[in-house]
Every structure is written in structure tokens, then in C-alpha cells.
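See below for the structure under consideration.
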Amino acid sequence: MFCRKEGLPVFALCDCNNFYVAAERVFRPELLGQPVVVLSNNDSCVIARSEEAKLLGICMGDPEFKIRGLLHRHQVRVLSSNYALYGDLSDRVMKILASHFHLFDVYSIDEAFARLDDGIADPSGYAVMVAADVLKCTGIPVSIGMGPNKTLAKVANRLAKKNGGIKVLTNDQQIRMALADFPIEDLWGIGTGYYNRLAAMGITTALQLRELPELFFKQQMSVQGQRMYHELWGRPAFDLQLRAMSAKVVSISRSFSAYITEAELLCQAVSNYAWRLAEKLREQRLCCRKLEIFLLTSRHRSDQPQHFPVHTHQMAIPCNDAHGIVPVVVRVTRMLFQPGMRYRKAGIVATGLIPESEVQLNLFTQVRPKYSRLSSAVDRINASFGRGTLRMASEGSDTSWKMKQNFLTRHYTTRWEDIVTVK
DNA sequence: TCTGGGGTCCTAGGACCC
DNA sequence: TCTGGGGTCCTAGGACCC
């Protein structure tokens, strides 16, 4: 199934370089060459950095308030995250990549795996051509790594970033060399938990890790670890995911821009989240059978009382309309709320998902069509006039909890009034 | 006193990913 | 004062069934 001429790579990983920053630079060329960071929701943490920002010592996840002096001193350009822009540019990049690779698997907003066609005799030259085409068509630079499986294509990609954008691993000698000084914490499948355990044993490079017996992987890191073992030795254990799978969980959670201490305001905020969750379920044509509602106080404030309540609600009928979901979420939130607590975040997780079509076949769902037609009408209106044009009255009008985005760029590619004007 | 065995489904929690 | 959000997979253990 993975057969290909001996010594040639089978898998490619294409990864956009510093994607969020690159996406901003497409429409803000004055940011080229400047240190740039993109912040998470509420403008709280660094989630993307340009090369210039990395050189200043800014790390992923750094809270903005802790590095404010540094940002100011070096005139770092600070941006709020603009997911409408990133999502749209991601779609464009993926379309170009898909036109060059027959078998193709979108792995995340900025990454895709591909299997190389048998006819490609010069993988490295092919990768150069693909990367150039993506850059020409979208303005986004990509790095491409190739190897005999996904794990090693990931390793190659990491090396490609430091090596002109393309890296191909073809035989075990090259693989050995690549793994010899590859830090285990950068390996796909090694997070902080495994890293700490391995480092305590003196294992710090991917090559050292590979030398451990297969049983160690199996016992310490379960079957995923066992798959990693095979891939490190060049045998493929993860294939491409060629069919889009329907989501198993759909969730929405947000931190508030200020603490919430009143039940009323909290209910208004979760009412807004519940509405958005219902929209997301309808976008994916799914209905949920369960809703998990949770509240969080700030873990970083050990001087304040903590409260992390969770409640799971079973829906009588699988549901994806706001009229079924919002009242449940508000009722549960009222029940979970404890006076005296300063809530920082709330969220809703929809599980037990089934396709909309299966619900409509159910005998006991005669009440649905009315709300289903109402929801479709609301979705059409909001699609035309913008999200939030129609919403639930329970959401209220006090927006003090809403997300802070002080450095947001325009929706250049997805909103008519934000489109760039050429003089 | 001695109390089966094998299967499924569900859930909670822990690991990981970007 | 200020520390993101949305996912996946795996395992162990309990309930339940025949």
C-alpha cells in the first residue's frame, strides 16, 4: 500500500511559515522585515511571531502584559488575531497544494500532509516548484519536508525551516543524521508530559529515543507511542486521512475581558456562546444529544477563591437550534453560579453528535420542523447582514464581558467594505 | 466454603496536536 | 490588572447484558 521505488520519500508535509504573521503581511506589506506578533483572544498571549520577533526572544504563549516593555522598546508590531482572514487564506493555500498533490490531507489551518505520486522522479525539485506556486498565488511562504512517513516528513519539515524551505529524507543514513541532533520535544507526539519523563532518563534526542526497545514505547506511551517507534525506523504507521470525518465534539469557550461576578451578566454571556454553538452545529449539519456547561475562575489568582463547576445535560431530543440550546445553557449556568466567585471563563461542549438527517427521520421529533425553518431563516439573514444581526434577547446589551481586540486588522478577503482599493 | 466469562457501551481522565 | 481556543485518540473502570 505504501510501495514506492526504494529510496524515495512517500510523504510530504507542507507547512506555512509563521502563518498568522504571513497572512497579515499579505495585506500589510509595511510589516515585512519588521518584528510582528499576533495575540490570542482578549489580546492576552503571543500565538504567532515573525522571525524578527523570535530573535528578540519572544516565546510562544508569552502573556502580552509581561513582555509589554520589550514590545515597546523594539517597536514590535502587535496584532489581534483575525481568524476570518487566516481561515480564508488557509483555504486558498490548500486549494493550490491540492492541485499539485493527488492524495492530500489538510491537517490544520496551516499544514497539510500529502502522498507523492509515483511519477515524481525528483521530489526535491517538485517541492521547490510547489512552494513557489503557493507563494505566487497567495503570498504565503511554505516549507516542505519529505520522508518515508508522516513523523519523518514532520522532522524534515522542521529542518526545512532552517534550510531554505525544502528538505528531503531519503535513506536511513540521512534519517539517522537528522534524528541525531533533533530534540525530542520537537518530535510529533512528544508533549511536556513525555518530555519530562524522557529527559529524566537522560533521553534528549530523537535518535536516542529510537534506540529504546519497542516495548518501552508501548508501555510508556501506549499504541500511539508504538506507532511513533515504527515511524522513527522508517516504517509508515499513520496513513493519510483521505475522507473528511464528521466532528465528534463541537465546543465554544471564551475568556471574558473582565471578571464576571453577577449571575445575570454571566447568563447573558453564555447565552451568546450557546447561540454561536447552535450556529456551529448547523454549519456542520449535526445535532447534539448532550451539552456540557462549565465555568472557570482564574487559576492564576491563588489569592482568590476558585470554582470550576461542570454539568452535563442530556437533551430530550437531539438538537441544533438556539431555541432548544440557549434556555438549557442559561438554566444550568444559573445553577452552577456561586455568589462571591469571580468568573474568568465559560464554555459549552456539545457531544453525542449525530447527523441532522438522522434526527429528522425520528418519530418523536415533530416539534423540530418549526424551529428548524426559523433557524434557517435566521442563518440566512445573519449570513447576508453579518453575524449577530439577529440574536437572542437573553444575550442582553451589556457587552462589558466581550472579547478585547484592540489591534484587529480588516477582513480583507471576506467582507465587502474591507476590500482593498487600488488607486 | 466454594459464586463464570465474555462482550458492549459509556465515561472520566490523561496524553497529545495546532 | 492583564495568562487562548478547539480539537483528537487512548485507556481503565463501571454498568449492564446474556
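Residue numbering restarts at 1 for every chain, and letters A, B, ... go by the order of the sequence lines.
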Original post:
Between Trp188(A) and Phe113(A), does the ring centre distance come in under 6.0 Å?
Top reply: yes
**OP:** Only pairs at least two apart or in different chains count here, so list each ring-ring contact (aromatic ring centres under 6.0 Å, His included) that has a residue in residues 318-339 of chain A.
**Re:** His323(A)-Tyr371(A), Phe337(A)-Tyr343(A)
**OP:** Only counting residues at least two apart or in another chain, list the ones meeting salt bridge (Lys or Arg N to Asp or Glu O under 4.0 Å) with Lys54(A).
**Re:** Glu51(A)
Subject >> By salt bridge (Lys or Arg N to Asp or Glu O under 4.0 Å) - contacts of Lys161(A) (at least two apart) >> reply: Asp15(A)
**OP:** Take atom C1' in dG4(B) and the same atom in dC16(C), then report the distance between them in whole Å.
**Re:** 16 Å
Using a strict cut-off of less than 4.0 Å between a Lys/Arg side-chain nitrogen and an Asp/Glu carboxylate oxygen, indicate whether [X] and [Y] qualify as a salt bridge.
X         : Y         : result
Lys404(A) : Glu64(A)  : no
Asp91(A)  : Lys95(A)  : no
Lys154(A) : Asp186(A) : no
Asp62(A)  : Arg49(A)  : no

Could you verify whether a donor N or O on one side chain and an acceptor N or O on the other, from [X] and [Y], lie under 3.5 Å apart?
X         : Y         : value
Asn42(A)  : Ser257(A) : no
Glu24(A)  : Tyr86(A)  : yes
Thr409(A) : Asn82(A)  : yes
Gln268(A) : Asp398(A) : no

Subject >> Residues which pass ring pair (Phe, Tyr, Trp, His ring centres under 6.0 Å) with Tyr412(A), listed by chain and number, not counting sequence neighbours >> reply: Phe27(A)
Any sub-3.5 Å donor-acceptor pair from [X]'s side-chain atoms to [Y]'s backbone N or O?
X         : Y         : value
Thr297(A) : His307(A) : yes
Asp321(A) : Gly324(A) : yes
Arg176(A) : Leu207(A) : no
Gln174(A) : Thr170(A) : yes

Starting at atom [atom1] of [X], determine the distance to atom [atom2] of [N], rounded to an integer number of angstrom.
X         : N       : atom1 : atom2 : answer
Tyr20(A)  : dC18(B) : OH    : C1'   : 7 Å
Gln226(A) : dA15(B) : CD    : P     : 19 Å
Asn42(A)  : dT3(C)  : CG    : C1'   : 11 Å
Asn406(A) : dC2(C)  : CG    : P     : 16 Å
Leu39(A)  : dG4(C)  : CG    : P     : 12 Å
Ile47(A)  : dT3(C)  : CD1   : C1'   : 13 Å
Phe238(A) : dC17(B) : CZ    : C1'   : 11 Å
Glu185(A) : dA15(B) : CD    : P     : 18 Å

Original post:
Contacts to DNA chain B from residues 189-222 of chain A, heavy-atom cutoff under 4.0 Å, which residues?
Top reply: Gly189(A), Ile190(A), Gly191(A), Thr192(A), Gly193(A), Tyr194(A)
Original post:
Using a heavy-atom distance cut-off of less than 4.0 Å, which residues of residues 106-114 of chain A contact DNA chain B?
Top reply: Tyr107(A), Ser108(A), Asp110(A), Glu111(A)
Subject >> Validation row: Arg331(A), His313(A) side chains within 4.5 angstrom (heavy atoms) >> reply: yes
Can you list, in residue-number order, the parts of [range] that come under 4.0 Å of DNA chain C, counting heavy atoms only?
range                       : answer
residues 335-351 of chain A : Arg344(A), Lys345(A)
residues 48-65 of chain A   : Pro63(A), Phe65(A)
residues 248-283 of chain A : Lys248(A), Val249(A), Val250(A), Ser251(A), Ile252(A), Ser253(A), Arg254(A), Ser255(A), Tyr259(A), Lys280(A)
residues 290-315 of chain A : His300(A), Arg301(A)

Which atom pairs, donor and acceptor, lie under 3.5 Å between side-chain atoms of residues 270-277 of chain A and protein residues at least two apart or in another chain?
from	atom 1	to	atom 2	distance (Å)
Ser271(A)	OG	Ser394(A)	OG	2.5
Asn272(A)	ND2	Glu395(A)	OE1	3.4
Asn272(A)	ND2	Glu395(A)	OE2	3.0
Tyr273(A)	OH	Arg254(A)	O	3.4
Trp275(A)	NE1	Glu279(A)	OE2	3.4
Arg276(A)	NH1	Glu279(A)	OE1	2.9
Arg276(A)	NH1	Glu283(A)	OE2	3.3

**OP:** Taking atom NZ of Lys150(A) as the centre, report whether more than 12 heavy atoms of other residues, nucleotides or ligands fall under 6.0 Å from it.
**Re:** yes
**OP:** Output the distance between atom CD (Glu358(A)) and atom CG (Leu286(A)), rounded to the nearest 0.5 Å.
**Re:** 10.0 Å
Subject >> Most 5' of Gln241(A) and Ser44(A) on DNA chain C, judged by nearest nucleotide >> reply: Ser44(A)
Original post:
How would DNA chain C look in dot-bracket form, 5' to 3', counting Watson-Crick and G-U wobble pairs with both distances under 3.5 Å and writing | for bases paired to another strand?
Top reply: ....||||||||||||||
Original post:
Looking for any heavy atom pair under 4.0 Å, which part of the strands does Lys154(A) touch: base, sugar-phosphate only, or nothing?
Top reply: sugar-phosphate
